[in-house]
Amino acid sequence: MTGEVALAVLLLGPLLAALGCLLAGRQGSTVALLALIAGAAAVVVLWDGMLRTGPIEVRLGGWGAPLGIVLRADGLAVGFLAAAVVVMGAVWAVARHDFATPRARDVFWPSSMLLWGALNAIMVSRDLFNLYVGLELLTLTAVAMVALGRGPGAIEAALRYVLYALMGSLVYLLGVVLVYHGHGTLDLDRIAAGRSGADALALGLMTAGLAIKTALFPFHAWLPPAHAGAPSPASALLSALVPKAGFVMLVRLWFEAMPDATPPAALAVMAALGAGAILHGGLMALRQERLKQILAYSTVAQLGYLFVMFPLVGGAGAGTAGAAEAWAGTQIGAFSHALAKAAVFLCAALWIRAIGSDRLADLAGLARAMPLSCFAFGMAAVSLMGLPPSGGFIAKYLVMRASFELGLPGWGLVLAAGGLLAAAYFYRPLAALFAREPPRVQRTPRLLEAVPLALALAAAALGVLSQPAYDLLQAGAPAYARGIGP
Amino acid sequence: MTVFTGDPLALLALVWPLALALVACWPRLGWRALDLLPLASLPALALAVTGGSGGAPDVLLGLVLAPGPEGRLLLGMVAVVWLAGGLFARGAMARGEGGRIAAFSGFWCLTFAGNAGVMLAGDAITFYASFTAVSLAAWGLVIHDRTAAALTAGRVYLVLALVGEVCLLMGLLIAATAADGFAIGAVRAALAEGPHGALAAGLLVAGLGIKAGMVPLHVWLPLAHPAAPVPGSAVLSGAIVKAGVIGMLILLPDGDLGIALIALGLVGAFGAALWGLTQENPKAILAYSTVSQIGIVLVLAGVSLVFAETRLPAAAYAAHHGLAKAALFLSVGLVLAAGGRWRAGALALAALAAASVAGAPATGGAAAKAIGKAGLPDWLSGAVTATGITTTILLVWFLVRLRATAAAKGVPKGGGRPRLLLWGPPVVLTGAALVAPVLLMPALGGPDPAYLWQGTNLVEAIWPVLAGIGLLVLLAPRGGEGARRAPLPPGDLLTLLPHWRRGAAPVRQARAAGRGLGPLRRTLESAAGRAEARLVRWRWSGVAMALTIGGLALLSASEPGVAVLIAPAGAPISLP
Amino acid sequence: MNALPVVILLTSLLPAAVTFFLPQEQHAWRNGLNLGGAVIKLGLVVVLMGAVAEGIEPEARLPLAPGLDLVLRADDLSLLFVSLSAFLWLLTTVYAISYFGEKPELSRFFGFFSLCVAATTGLALSGTLITFFVFFELLTLSTWPLVAHKQDDQSLAAARSYVLYALPGSVAVLVAIIWLEGLVGTVAFAAPPDLSGVDRWSLTLIFVLFVGGLGVKAAIVPLHGWLPGAMAAPAPVSSLLHAVAVVKAGAFGIVRVVYDIFGVARVQELGLGTPLAVVASVTILWGSVRALQQMELKKRLAYSTVSQVSYIVLGTALAGPFGTIGGLVHLVHQGIMKITLFFCAGLYDERAGARRIEQLDGLGQRMPWTSAAFSVGAMGMIGLPPIAGFVSKVYLGVGAVQSGELWVLAVLGASTLLNAAYFLPLLWRIWFLPPQTEGIGATPIPFAAVDERVPGLVVPAMLTALTSVAAGLFAASAFSPLGWATLIAGGAYSP
Amino acid sequence: MTGSVVLFVVTASALIGIGLWGFLVQAHLLRRVLAFNVVGSGLFLLFGALGWRGGGVDPVPQALVITGIVVALAATAVALWLVGRFAEETGRADLPEDRREDRQEKSSAGGRP
């Protein structure tokens with residue numbers, strides 16, 4: 001399998017699988033599994049090929065930009081592709097048991113495949129419009145998943161989500177129009193080659209639109225009810241993967257398409273929003289009484305971490321080792337957040353199945369009844385708090401170190417504070433799980449409990465094996481983020 | 001790893017009683033643990049005779065056992081006193097309550113180990129370790145009877161002993177640092193010349209003075225010595241206080257410090273003797289006598305410091321006092337256990353020992369005084385002679401009270417003929433007190449024994465005794481027991497503490513004494529409790545942490561720190 | 001040989017990993033696994049000691065990201081700590097197995113227990129600051145379930161306050177580490193960084209952050225609030241917590257920071273030695289005063305730990321050869337003495353139901369071996385010769401005088417008296433007071449039914465008591481903790 | 001820029017402005033979806049206008065506009081489906097946070113995301 005084929009598998013496979021799932025009905029999960037296996041193989045091929053030959057680029061139909069569609073798998077993309085396939089696999093394992101009713105099954109499996117396909121497309125697209133299409137597809141499938149939720153608020157949450165998303169799309173698209181007007185192309189590399197007077201405005205518009213889709217503070221209001229209201233396996237997908245698409249697009253926009261239009265002050269604003277997210281999300285998570293709401297607010301906060309990278313990679317530090325550290329740290333943070341957040345949501349899925357509630361008070365004593373999943377939850381929480389040994393820690397460490405190296409310690413301290421907040425809001429569910437009274441639970445197969453554990457262990461392993469991730473992320477990274485390395 | 005060097009007997013003298021202390025813990029032993037007591041001091045006695053020295057480089061920070069002449073002399077005395085006391089205890093306490101007797105035996109052996117150790121010590125650490133053992137283990141002897149008075153005494157004793165420990169250790173550490181080693185000689189030199197030498201010496205005087213019963217740190221002594229069982233009192237007064245004395249003799253540097261010792265010694269020598277007259281309990285009277293006699297030892301020691309002379313005379317005086325005082329305490333037990341003519345004989349024995357303490361002519365006491373006075377200036381010599389008057393008065397008062405107490409108690413069952421183990425030890429000790437100093441006079445730097453028989457010297461020895469008796473006859477209250485006012489409680493200075501006076505009942509005294517500075521402590525504790533309650537809350541401790549960090553940062557960053565000299569690169573760290 | 005540190009780490013990490021998944025009923029497997037790990041570890045540590053004594057310093061390296069290598073490296077300082085933890089881990093495992101018997105949730109307990117020891121080992125063997133931090137945090141995390149093990153309200157509250165204190169401390173440490181590394185690059189203990197180009201303010205603040213962060217674990221006043229509560233944990237946990245793992249980790253960290261990062265000379269130059277000594281002294285006195293007020297045995301012991309651990313910090317702050325030795329050797333001495341006391345406290349609780357001071361009355365008659373061990377521990381804490389604590393005190397005292405800080409002597413003296421004031425009454429009650437007539441404790445155990453016929457609990461206590469006597473009695477021997485500490489200090493004071 | 005382009009731009013801007021205003025102030029969900037479509041129309045118009053860079057027909061904007069319309073259509077469909085479901089379930093066509101009478105209560109409860 002060559003890189004081209006692998007890309008094709010990752011883009012077309014999910015779409016075909018979505019169709020297959022619709023047709024297969026009860027066997028939908030089997031079709032999804034086949035697609036996932038193929039996707040996993042494709043990711044392996046891409047990873048391997050990319051490490052050997054550098055980023056893999058494909059021109060669909062042999063047409064180059066501006067007319068043709070260019071796909072490129074660089075380190076960033078492959079990393080997210082890998083994270084996505086792992087999370088998808090784990091979600092598949094749990095969801096197989098969860099979506100038994102025909103209606104849910106018929107919505108969930110095709111949607112999840114479409115979501116995955118859209119995500120893959122966003123990761124490898126090099127064209128602002130293709131990115132837009134991918135993002136819309138992603139959003140709409142995500143909305144559909146939220147609407148699958150059983151609670152009374154699910155539809156409301158889905159509706160709110162779709163309204164925000166529509167707004168975001170419009171604003172983004174407005175920016176795209178301006179870019180096309182200024183550059184006559186939507187290809188990222190060709191945009192980077194020139195400059196246009198409208199760039200700043202376009203950048204602002206697109207950023208705002210993407211910020212809405214990424215749920216960056218203060219545009220995050222839609223996320224908690226949506227992620228908390230969706231069926232738990234779907235929440236895992238939504239929280240772990242979906243916002244990352246917007247983030248990746250922002251990164252591509254700021255650092256690959258328009259590096260000229262991003263002055264330090266603007267970069268600082270992004271980081272400030274991220275800091276706001278960290279603090280606000282953390283504080284709000286502290287106030288919640290339901291586990292899934294805590295996790296959802298945690299996602300808000302964790303997304304904020306990613307934006308602290310902006311002034312560190314760009315600005316004065318661009319091109320230094322510090323920038324490379326911040327770049328790698330942030331992406332590793334995104335991967336480990338994906339793994340760990342999926343793990344905690346899958347734990348929540350199992351617990352809700354077992355006790356029918358995700359109120360903290362009802363969770364009391366679960367550690368005795370379901371030790372494996374509780375352990376998984378603990379491990380994942382450790383990663384999300386940014387404590388060693390975990391990917392979350394490596395991420396925090398690298399970014400913090402970059403901030404100190406570059407003389408911007410404030411951003412590092414925000415991360416530190418965020419870690420404390422995370423510890424505080426994860427402490428409550430952990431303490432509840434550990435409380436004395438064991439609740440009545442329905443038996444859960446051990447194997448099922450092992451799924452979140454595997455994810456949590458993967459998040460932890462990312463901390464121990466972060467060197468490969470770092471090497472991967474350096475492949476095809478923009479020049480600013482390719483430090484010489486210490 | 002070298003187990004020991006030098007004379008194995010030196011190590012055995014120390015290890016043997018420790019081993020016996022462990023044996024005493026064997027639960028099956030019960031009261032038979034008393035059999036161990038006489039055995040404890042045998043190797044030490046042998047060592048005092050042979051005069052060996054040794055060490056164990058791996059033990060503690062390098063154990064050195066190298067007694068000087070003072071140490072060897074006192075070691076011999078101490079070994080004899082403990083041997084006699086052990087025999088007496090075997091006779092007097094047999095078939096008591098098993099567990100308690102076993103505990104007593106264990107403490108006994110441990111205390112002796114410490115007592116021998118301070119005499120043997122050739123380094124400050126060994127000295128301190130031994131001192132700790134003798135100080136703290138002696139507490140077990142004090143509280144043996146578990147009466148309210150004993151417990152009070154034990155508590156006061158323990159508190160003061162601990163304070164003494166701390167003072168001693170601090171002083172030793174300062175000196176050892178300056179000396180760059182723990183050898184006694186080096187430590188003494190450092191006290192004289194090293195930095196903070198005066199402070200260290202002051203700490204040492206306080207620490208050792210508490211143990212020795214130096215005024216005004218003697219307050220525990222009149223409480224503790226009477227409270228212990230008779231053999232315990234004997235070793236406490238005869239041997240254990242000498243741990244402080246030997247410390248002063250071997251550690252304190254020559255110099256003006258001696259003047260302070262002389263002053264305190266004189267106050268003790270006269271003051272304690274007079275205060276002792278207020279006491280009714282014969283053992284309490286003896287305890288004050290001990291304080292008084294230690295005062296004389298301090299005078300002698302102070303003189304040797306001031307004039308940079310040998311400490312041997314002071315050691316000799318202390319050694320004689322140990323033998324005689326132990327004999328007196330044992331004779332108290334003997335008198336109370338005897339009846340009829342046996343009692344009269346016992347009283348005579350006590351009178352003999354008392355005469356020796358008072359320095360009556362041709363006794364060991366006179367010899368000891370002669371040795372001591374050899375180097376004294378005239379006015380001091382006169383003062384020491386004059387103590388003979390007060391000592392005589394006090395000891396006669398002691399004999400009077402002893403007779404009265406025995407009479408009040410009546411004749412014990414069994415006709416009153418005491419066992420050999422009861423009368424043998426006091427007789428031997430009295431004999432030793434009378435004879436040994438005379439025999440050893442030349443060896444101890446005194447004049448020839450013939451000196452004692454010269455006319456002027458005989459007169460000088462006898463007039464204070466006669467004067468004392470005469471004064472007593474003149475001043476003795478007439479009109480029998482009832483006319484005398486209520487006796488003052490023992491503990492003199494302690495009784496000045498407000499709650500001590502308030503609490504009439506001994507139990508209340510015990511509580512009050514233990515509380516010490518009650519109100520202050522309560523205030524402090526509640527303040528600490530309140531502060532703690534706040535500090536446990538993160539809000540407060542967070543502020544405190546921020547303040548600490550900020551304060552530290554500000555303080556240390558605002559001005560450059562003084563670069564403290566550290567050991568230059570490559571310089572080896574010298575270790576003892 | 002270079003793999004040896006890793007193997008030593010694995011001897012507790014692997015049992016931890018396996019134990020988590022053992023079914024509760026597999027007592028034999030679990031016990032065998034833990035004991036086996038502990039024994040092998042002790043053996044390997046002895047081998048390692050031999051190697052290090054010959055001047056070999058094995059090092060294993062796992063690169064994580066550029067500038068971020070996990071380095072395990074054995075030098076003499078780390079060995080001091082590792083050997084302590086390996087020895088005490090073995091005894092505590094024996095103790096814990098007897099203590100818990102066949103109670104529930106043991107797989108979880110022993111899993112975290114081994115993890116905790118693995119973290120301590122890793123922390124001791126860390127070759128770089130960041131490695132140290134990784135294990136430091138692992139320690140925080142693995143201790144939490146141990147403190148909360150009983151899962152009652154008290155334990156959960158204690159665990160909560162533990163985390164509440166520990167995590168901000170960790171953040172402070174992390175910020176300090178990263179700040180420092182941002183200034184001078186990756187910091188390895190083997191090659192102290194060159195700080196000459198860094199301004200005073202930054203260095204001072206970094207130092208303060210280090211001490212503040214590590215001080216939470218070392219229970220430096222006013223950051224000690226979590227420790228007394230943590231005594232709610234089961235006895236083996238308290239033993240390990242107070243003697244080896246958490247509290248010591250903090251103290252060890254401070255030692256590392258002072259000696260292997262800043263260097264004594266620079267700490268003095270920055271004027272930080274004396275303030276640190278003041279903080280340590282305040283802690284020593286405050287902990288003692290508080291201990292005096294406690295009527296619960298384990299709480300009293302806990303406050304005693306607060307006080308005693310700061311001896312280590314004090315020795316470090318004194319910045320002279322003797323102070324260094326005193327601090328380092330107290331790291332070991334305090335460990336073996338305090339673990340003895342906690343073993344015994346656990347025994348009193350388990351066998352006699354005695355938790356409060358007044359419930360100890362007369363227990364010496366029924367539990368003589370326990371009480372003997374307890375007495376040794378208590379007297380060692382006071383600093384009575386020839387028990388180990390005495391040696392520490394002597395060296396600290398000499399160190400204080402050497403550094404010209406005479407007031408420290410007064411602190412040591414006051415601390416001795418306070419220690420005596422809160423330990424001696426315990427001994428008095430145990431040995432001299434008549435037993436209480438009715439049953440004592442929460443679950444009345446008739447006095448006559450009290451016994452100590454559980455070798456698994458008594459023997460470890462006896463062994464640690466004997467060790468603490470031996471450590472003091474044979475202090476001058478080259479193989480004693482003192483000898484080892486002298487060796488280390490020799491390294492710190494020569495180029 | 002030719003006059004017709006200006007006209008296009010002005011019209012498009014007007015549409016976008018009207019749509020955005022409607023989207024922001026209208027509580028009724030159907031109106032919001034409509035407003036979205038109005039903005040969308042304006043956008044595509046603008047795309048057509050600004051995408052013309054002289055020199056004949058540019059196929060790219062045309063392709064993109066067509067794609068965009070399809071996407072917008074899909075989004076509208078999903079939104080309308082949800083509005084329908086919401087109305088079925090709650091009998092209302094506006095979200096709680098947009099209801100004036102509920103806002104007071106919600107904000108005091110503090111639970112609203």
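Here is how names work: the chains are called A, B, and so on, in the same order as the sequence lines, proteins then strands, and each is numbered from 1. This is a predicted model, so every value here is computed, not measured.
Here A/Met167 is the residue among A/Glu136, A/Glu289, A/Met167 with the most heavy-atom pairs under 4.5 Å with chain D. If you tally non-hydrogen atom pairs under 4.5 Å between each of D/Val78, D/Val39, D/Leu43 and chain A, the highest count goes to D/Leu43.
With a 4.5 angstrom heavy-atom cutoff, A/Tyr132 touches chain D only via side-chain atoms. Contacts of D/Ala74 with chain A are made by both backbone and side-chain atoms, with heavy-atom separations under 4.5 Å. The parts of D/Val83 that come within reach of chain A are both its backbone and its side chain, each placing non-hydrogen atoms under 4.5 angstrom from that chain. Neither the backbone nor the side chain of A/Leu223 comes within contact range of chain D, judged by heavy atoms closer than 4.5 Å.
To the nearest 0.5 Å, atom CD of residue A/Glu156 and atom CZ of residue D/Arg92 are 11.0 Å apart. Between atom CD1 of residue A/Ile155 and atom CG of residue D/Leu82 there is a gap of 6.0 Å, rounded to the nearest 0.5 Å. With rounding to the nearest 0.5 Å, the separation of CD1 in D/Ile16 from CG in A/Leu170 is 8.5 Å. Going from atom CZ of D/Phe36 over to atom CG of A/Leu163 covers 10.0 Å, rounded to the nearest 0.5 Å.
Of all heavy-atom pairs between D/Gly68 and A/Phe129, the closest is N-CZ, 3.8 Å. Pairing each heavy atom of D/Ala79 with each of A/Leu166, the nearest pair is CB-CD1, 4.2 Å.
Environment of CZ in D/Arg31: sparse, with no more than 12 heavy atoms of neighbouring residues, nucleotides or ligands closer than 6.0 Å.
Considering only heavy atoms from C-beta on, A/Leu174 comes within 4.5 Å of D/Leu46 through its side chain.
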